[in-house]
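Working notes for the structure below.
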Amino acid sequence: MSQQFDVLVIGAGPGGYVAAIRAAQLGLKTGCVDEFKNKVGEASLGGTCLNVGCIPSKALLESSENYERAEHKFAAHGITVSGLKFDVGQMLARKDGIVTKLTQGIAYLFKKNKVASLHGHGKILGRENDLWQVEVSDGEKKEVVQSRHVILATGSRPRNFAHAEIDNKLILDNTGALEIPEIPKRLGVIGAGVIGLEMGSVWKRLGSDVTLLEAAPVFLMAADEAVAREANRIFTRDLGLKIQIGITIQSVKASKKDVKVVWTDAEGKENTSVFDKLIVCVGRQPNIDGLLADGLELRMTERGFVDTNAFGQTSLPNIWAVGDVAPGPMLAHKASEEGSAVAERIAGQQPHLDFECIPWVIYTSPEIAWVGKTEQALKAEGIAYKKGQFPFSPNGRALGLGELGGFVKMLACAKTDRILGVHIIGPFASELIAEAVVAMEFKASSDDIARIIHAHPSLSEAIHEAALGCEKRGVHS
Ligand code: FAD
Ligand code: NAI
């Protein structure tokens, strides 16, 4: 007899594994199918995020930032370092250790919560009576399992790039960018988005000459304009990243040792750059290949995502979709919360997610984080707003840290004072943004934040000052 579940999740990334654990916690008989294999060919849970995304990239960012601090920032503290060296192999091994710890942690959590973990490719064959039939195949091994509900959490993969094949030797996607065995002298990055900036920062700090080639006419289009301007200034002036925007790639040719990229700049002038490695990070696309048997019609969006309503329901009965394969920002925390909410809905609960309050973080130095609307969006939508902005440069904690770049900007409704957006570029922005997310979830006003006692000396005082600034009563500005 084939295995039968209440809920079968396809994909064990942050969307899928959280959905599976939550469903099991709620008493539903749950299985999770995942096909990912790590570089040594072993099944490894956790999806893109844990294996080749969020977690390994943050490990490398930390290692390279420590090196950069020792090289350039310790001297100001009176610390002299001589004979400073960097061991790329050790950095990669540390990163791999963190990945193994966390991916094995998911296997442990599955066991603890009695989630059946199935390794292989999941494909929905059809529905018999009320049960979806799902084939799980791992090489020659095939089994069909049945489930009342199926949650699609198959995530995403790098978007195809017409000009070049990824070989993960010279031309790298996000997986290859996390495995470069020695510091490339000249590193090219196509796409100055989130991966480009994070991975470009890692290798720049370690000594690569890094050039980012970005097609969009504006740098960091999704961010608030003031933040994007400050980021561009710091990344180019202080970190030394070379960022070309508004470019068009003409051709990419790999030889045995290097990669030649021909591109035209915003004025149409042709340029040729030669790199030792080239990272291609031009966005991601949903994973839907081989997911549905021929004849099964699942409604997709124009951009190729599985179409869902606000509850994660797809056009097929009892089939749900969460995370990167569904519309919305491709972020691990968005995937996880959707996974949890879908599991609860299947169990008969009425969870609610506020998609207006999803925090964004870019883990560069300084970090960038925001929640809510940008100033340019408010202008475009004709919403009257007031603004408070406070720099980190006079903040006592920032001075102690030696991290003086950046600011906090708060935008609040001109009529009601409700906070509409908070934008931070500066030290620990990834942690600071949590206060703004809570404030916005609870529909706080800028005055609410202005009246909350913030610890001194702390970076959060910059948020306090930005809130005071909305009423033009900043104390330290
Ligand atoms: P995934 O994590 O992609 O997991 C999907 C899983 O399903 C995979 O294991 C896949 O192999 C499996 N699968 C696919 N199809 C099938 C099938 N048919 N059968 C069985 N298994 C299948 N987000 C952040 O919030 N913060 C960050 O700092 C961050 N950093 C990132 C850095 C990089 C380099 C990258 C590439 C991404 C980063 N992201 C970050 C984005 C984040 O990784 C994704 O948003 C998140 O992983 C999406 O989760 P998911 O569960 O939807 O899918
Ligand atoms: P992205 O969408 O952030 O950036 C891709 C960039 O490539 C864009 O700026 C785009 O204009 C540019 N581009 C597209 N085609 C191009 C071309 N032909 N030539 C030059 N430039 C081109 O996508 P990215 O960096 O690949 O990351 C994918 C997703 O993963 C992100 O959107 C984000 O959701 C997630 N992610 C999140 C992180 C975080 O939360 N800190 C870190 C890394 C990734």
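Everything quoted here is computed from the prediction, not taken from an experiment. All values below were derived from every heavy atom in this structure, side-chain atoms included, with hydrogens, water molecules and symmetry-related copies excluded. Remember, it's 1-based here, ligands and their atoms both numbered in the order they're listed.
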Can you name the residues that form a ring-ring contact (aromatic ring centres under 6.0 Å, His included) with F407, not counting sequence neighbours? none
If you count the atoms of ligand 2 from 1 in the order shown, which ones are under 4.0 Å from a heavy atom of G191? 6 (C), 7 (O), 12 (C), 21 (N)
Can the positive tip of R345 be found less than 6.0 Å from the middle of the six-membered ring of F311, inside 45° of the ring normal? yes
So for I195 against ligand 2, with non-hydrogen atoms under 4.0 Å, the contacting part is both
Under a 4.0 angstrom heavy-atom cut-off, which atoms of ligand 2 come close to Y363? 41 (N)
Using a 4.0 Å heavy-atom cut-off, which part of M221 comes near ligand 2: side chain, backbone, both, or neither? neither
4.5 Å side-chain heavy-atom contact, H121 and L291: no
State plainly whether the residues D209 and K242 are in salt-bridge range, i.e. N to O under 4.0 Å. yes
G283 near ligand 2, heavy-atom distance under 4.0 Å? yes
Taking only heavy atoms of R159 into account, list the atoms of ligand 2 that are under 4.0 Å away from them. 14 (C), 15 (N)
Ignoring hydrogens, just give me the one of K334, R284, E367, E214 whose non-hydrogen atom is nearest atom 11 (O) of ligand 2. E214
Please determine whether a side-chain nitrogen of the Lys or Arg among K373 and D224 lies less than 4.0 Å from a carboxylate oxygen of the Asp or Glu. no
Short version for N174: what comes under 4.0 Å of ligand 2, heavy atoms counted, is neither
Please find the pair of heavy atoms, one from I424 and one from A429, that lie closest to each other, and give the distance. CG2-CB, 3.6 Å
At a 4.0 angstrom heavy-atom cut-off, what protein residues surround ligand 1? I10, G11, A12, G13, P14, G15, G16, V33, D34, E35, F36, G47, T48, C49, V52, G53, C54, S57, K58, G120, H121, G122, A153, T154, G155, S156, N174, I195, R284, N287, L291, G323, D324, M330, L331, A332, H333, A335, Y363
Below 3.5 Å, N or O to N or O, backbone or side chain included: is there any such pair between V361 and ligand 2? yes
Give a yes-or-no answer on whether the side chains of E367 and S430 include a donor-acceptor pair shorter than 3.5 Å. yes
As a check for students: among V194, L61, D173, identify the option with a heavy atom nearest to atom 42 (C) of ligand 2. V194
Would you mind telling me if ligand 2 is within reach of the side chain of T248, the backbone, both or neither, using heavy atoms under 4.0 Å? neither
The residue among I368, V408, T364 that forms side chain to side chain contact (heavy atoms under 4.5 Å, CB included) with I425 is I368
Distance under 4.0 Å to a non-hydrogen atom of L213: what atoms of ligand 2 satisfy this? 20 (C), 21 (N)
Enumerated ligand 2 atoms positioned under 4.0 Å from heavy atoms of M330: 33 (C), 34 (O), 35 (C)
Assess, by modelled atom type and distance only, whether the side chains of S64 and R205 contain a donor and an acceptor separated by less than 3.5 Å. yes
Out of I190, L212, I362, T364, who gets a non-hydrogen atom closest to atom 19 (N) of ligand 2? I190
Taking D307 for the side chain and M300 for the main chain, is one N or O donor matched with an acceptor at less than 3.5 Å? no
F161 heavy atoms within 4.0 Å reach ligand 2 at atoms 18 (N)
Looking at atom 32 (O) of ligand 2, would you say a protein heavy atom lies below 4.0 Å from it? no
Angle between ring planes, F86 versus Y67, binned at 30° and 60°: parallel, tilted or perpendicular? perpendicular
What atoms of ligand 2 come closer than 4.0 angstrom to any heavy atom of L331? 40 (O)
So F110 and Y17, would you call those rings parallel, tilted or perpendicular, with 30° and 60° as cut-offs? perpendicular
